[in-house]
Amino acid sequence: MNRSTRIAAWTVLCALSLTGALSGCAAHREAPGVPIDERPRPPQPPAQTAPVTPDSIPVPPPRVMTPSGEENVRALAVRDTAVVSKALKRCAGKTLLPEMESTYGATAKLLEQTREALQRGDVNRARSLARNARQLVTSLDCP
């Protein structure tokens, strides 16, 4: 087989392969099986008889905390309260930028709410407020 015959055979082979690859799915004009309109309909979920309202959602009972667990949470809240108080004292009376004044005020308010929650005995709320105040006070940069 000479060179030109091999090239011609190779070209024909490539053309046939390309034609077969390109015709793949496009050659199927008719979908096999049952048309979608004639297929059986799947079962539908039952209709709700009553709308869901916030009152109809059951509320889990509050978690009961052991005395030692409550003391640990209280200690964490008190620790964060002390850190926040110290940072606010460093900034008191200093001239602050407007955004720092806003942060100072928000932190002071959180500290006040933390103390109120501790007085009420709501240690979980106090812990959450104290943690938020501590995170917020880190953005105050007072020497």
Side chain to side chain, [X] and [Y], heavy atoms closer than 4.5 Å:
X	Y	answer
Arg115	Ser85	yes
Arg74	Arg127	no
Leu88	Leu140	yes

Given 3.5 Å as the limit, does a donor-acceptor pair link the side chain of Glu99 with the main chain of Leu97, or not? no
Interatomic distance, [X] atom [atom1] to [Y] atom [atom2] [nearest 0.5 angstrom]:
X	Y	atom1	atom2	result
Leu111	Arg134	CG	CZ	13.0 Å
Thr107	Glu112	OG1	CD	13.0 Å
Asp80	Gln135	CG	CD	9.0 Å
Ser128	Gln113	OG	CD	10.0 Å

Does CZ belonging to Arg125 count more than 12 external heavy atoms closer than 6.0 Å? no
How about NZ on Lys109, more than 12 heavy atoms from neighbouring residues, nucleotides or ligands closer than 6.0 Å, or not? no
Smallest separation among heavy atoms of [X] and [Y], with atom names:
X	Y	result
Leu136	Thr103	O-CG2, 3.6 Å
Val34	Arg39	O-NE, 3.1 Å
Leu118	Ala77	CD2-CB, 4.3 Å
Ala133	Val84	C-CG2, 3.6 Å
Ala117	Leu129	CB-CD1, 4.4 Å
Asp141	Met100	N-CE, 3.4 Å

